[in-house]
Protein chains: 2
Amino acid sequence: MAGVHPSTVSRVLRGKENIPIPEVTRQRIKKAAKDLKYLPDERARALRLGKSHTIGLVVPDISNVFFAEIAKSIEIESYKAGYTLVVCDTNEEQEKEVHFVNNLISRGVDGLIIAPVQDSDGHILDLKEKNYPFVLIDRCFEDMEANAIISDNEDAAFKAVAHLAGLGHKRVGFLSGRQNIYTIKKRLAGYRKAVKEYNLERNEALICGNGFTFESGYEATLEILLLPNPSTALLISGNIITLGAIKAILEKGLNIPDDISMIGFTDNIVSPYLVCPLTTISHPLREMGKKAFDLLIKHVESKDNLPFTEEIIKTQFHVRRSTDRVLSQVEAAW
Amino acid sequence: MAGVHPSTVSRVLRGKENIPIPEVTRQRIKKAAKDLKYLPDERARALRLGKSHTIGLVVPDISNVFFAEIAKSIEIESYKAGYTLVVCDTNEEQEKEVHFVNNLISRGVDGLIIAPVQDSDGHILDLKEKNYPFVLIDRCFEDMEANAIISDNEDAAFKAVAHLAGLGHKRVGFLSGRQNIYTIKKRLAGYRKAVKEYNLERNEALICGNGFTFESGYEATLEILLLPNPSTALLISGNIITLGAIKAILEKGLNIPDDISMIGFTDNIVSPYLVCPLTTISHPLREMGKKAFDLLIKHVESKDNLPFTEEIIKTQFHVRRSTDRVLSQVEAAW
DNA sequence: CCGTTTGAGGCAAACGATTGTAACAAGAGT
DNA sequence: ACTCTTGTTACAATCGTTTGCCTCAAACGG
């Protein structure tokens, strides 16, 4: 429409000022582009340039606020940095994760941020082998060196149990998420360490559950409540699980915190407004997202091979009403 | 590596059985592909084929469960149908929405699902003009014909207010989200209709708020509570706003539902477990997502221009404890 | 008046995959 | 012995951009 060669259009629209093209032609091209509502084909550009200015984010459940918050902050950072973010939800299914990672690479994303399902790690090792830039977030692999932004799960769990011990609890239950996941392993380690240190009841039956769903939280809680000696407190590894636990507790006619204390692993905007305002461990999710993005971009935009960085982010502990002194049967009788 | 021409590789890997290629060669190529961990370049394929098997989803806030649920169901449907979903979060900013829509088109997505910010509609009209397949979800434009999957906001709001009227409430507040949005306009219309029909107090001061944030919910609620005659019930247009409202109510030392009833517009998994189990209007979000996806794919895969479809989905009403009979001052004195 | 610089912008190759057509060889048919 | 299949695989063009290089004309210097 402007009567010039595509290459000239490209030079004008990409703003190559050093190539001499008279202002009249520039204007003619720009006007034509506007009139035609011309949008460059990013596929073709990416193909030619070998760079897509796109990054991929792979999370296990986008409908969980935990990952939604992370996604949101990475999205905001990407936008600011001129990158487009592609979000994929694996639904905690390994097969989908492999599919998405390959798919994203096929579409030429410049890098990946992954919160892995962790049923296997072959595809992650492939990434390392290909020297593909990626950052693990929230979950990493113990025996693998990689970029990772994680939180201090072990320490947080330890402190949470310590808090309960300080309130006189002797039997603390641990509602687990999927047990083969890094975060859960670490939290469990912290739990065990505190149980030992504060001399609480050691009983494998108090460690219950294997999943991040409402139902798995509900059922695991029932199992613990139906023990001959149910726990007087619960440490709960996930915010959807927490709701299942509340359901079970209410159904049994129990009161929080009088009959049972609870601590939620993962604070969110509703924690203070639940049936009983929930004591939680809170993760600075926005900060984690930003750090993961910055780290990824550093690797993407660097020519040489940077060494891997693993950063552990401190969590915070919010005491609300769901944790209180244990009422022993004797005290209760009073 | 297999010593053959790329075209032969393509034919083998795409499984063109009608082109005669001897089994030995096929195996040689497949083995090489596996050994090299070959992944086809989807950009190049999309460029050549004019089809990317990708669709774009543009939502105003992915960290809001409402849209996260929609995103999740669309993601699941896309995966099943062999499409990749690209999710973009506009943060309720018009400028970002325009950017994302253009960006997605540039990358050659086959179609778009949009929950628009609705500060303007020029970019949507462009889509129509270009005959680009798209489906609006949750929010549509009153004066524009387009594919849309929406819910019966007006009716739902009407019924909610009717429910409150039935409980004896005469002054019902309406906590609004961003007021220029289709859904809010409709809800407000339903509210006004019920106010008229049940002869409730008509007072513009009872319509309050303009945003979907926690803070805007908090402040709008305070405004209503500080009126000389505060409302005895609230209809609340959004789940984050609801939390802000609860904060304001608790801060004022009021009790739900004794001092004030509330109905939340948008049920979610926590609604039953809030300080006071919340009476809500629930949207079948997964179903809406699936319908939007199916509709989009129908348009994407059809050669001819299908007529636009607008489907209105029925909401459900969940009565929980947050709505109760109004306690008049006289009754309360008893 | 001729050679050289400079301005303006076209040409062509490349990115990687796809596909209609062509090419070449071996074998079949006459 | 020659043509005609048929089987096997290569060639070339294409998708839309980008970029190094080249061309052509006008202007300039001597």
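The sequence lines fix the lettering, A, B, ..., with proteins before strands; numbering per chain opens at 1.
Here K290(B) pairs with E77(B), D294(B) under the side chain to side chain contact (heavy atoms under 4.5 Å, CB included) rule; sequence neighbours left out.
Using a 4.5 Å heavy-atom cutoff, the side chains of V87(A) and E75(B) are not in contact.
Using a distance-only test at 3.5 Å, with no hydrogens or angles considered, a donor-acceptor pair links the side chain of D41(A) to the main chain of R43(A). R26(A) places no side-chain N or O within donor-acceptor distance of the main-chain N or O of V12(A), the cut-off being under 3.5 Å.
Residue-level contact check: G108(B) touches neither bases nor backbone, having no heavy atom under 4.0 Å from any strand.
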Expected string for nucleotides 19-24 of chain C under the B/S/- scheme (protein heavy atoms, under 4.0 Å, primed atoms plus P, OP1, OP2 as sugar-phosphate) is BB----
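Within a 6.0 Å radius of CD in E301(B), other residues, nucleotides and ligands contribute more than 12 heavy atoms. By the neighbour-count criterion of 12 heavy atoms within 6.0 Å, atom NZ of K31(B) is sparsely surrounded, having that number or fewer from other residues, nucleotides or ligands. Heavy atoms from other residues, nucleotides or ligands lying under 6.0 Å from CD of E145(A) number 12 at most. Atom CD of E95(B) has 12 or fewer neighbouring heavy atoms from other residues, nucleotides or ligands inside a 6.0 Å radius.
Under the 30°/60° scheme for interplanar angles, the aromatic rings of H99(B) and Y79(A) are found to stand perpendicular.
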Show the atom names and distances, to 0.1 Å, of all donor-acceptor pairs under 3.5 Å that link a side chain in residues 53-62 of chain A to residues at least two apart or in another chain.
| unit_1 | atom_1 | unit_2 | atom_2 | d |
| --- | --- | --- | --- | --- |
| T54(A) | OG1 | S52(A) | O | 3.0 |
| T54(A) | OG1 | R107(B) | NH2 | 2.1 |
| D61(A) | OD1 | S63(A) | N | 3.0 |
| D61(A) | OD1 | S63(A) | OG | 2.8 |
| D61(A) | OD1 | K72(B) | NZ | 2.6 |

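Atom-to-atom, CD of E42(A) to C1' of dC15(C) comes out at 15 Å; the value is rounded to the nearest Å. Between R45(B) atom CZ and dC15(D) atom P the separation is 18 Å, expressed in whole Å. Taking atom CG of L13(B) as the reference point, atom P of dA17(C) lies 10 Å away to the nearest angstrom. As rounded to whole Å, 12 Å separates atom P of dA17(C) from atom CG of L47(B). Atom NZ of K51(B) and atom P of dT18(C) are 14 Å apart (whole Å).
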Which atom pairs link the protein and nucleotides 24-27 of chain D when you take only N or O atoms and keep those under 3.5 Å?
none

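Between the axis at the start and the axis at the end of the helix from dC1(C)-dG30(D) to dT30(C)-dA1(D) there is an angle of 80°, using five pairs per end and rounding to 10 degrees.
Near DNA chain D, meaning a heavy atom under 4.0 Å away, the residues from residues 25-41 of chain A are Y38(A), L39(A), P40(A), D41(A).
With rounding to the nearest 0.5 angstrom, the NZ atom of K186(A) is 5.0 Å from the CD atom of E142(A). Interatomic distance, CG of L136(A) versus CD1 of I124(A), reported as 6.0 Å (0.5 Å rounding).
Looking at D126(A) and K130(A), no side-chain N of the basic residue comes within less than 4.0 Å of a carboxylate O on the acidic one, giving no salt bridge.
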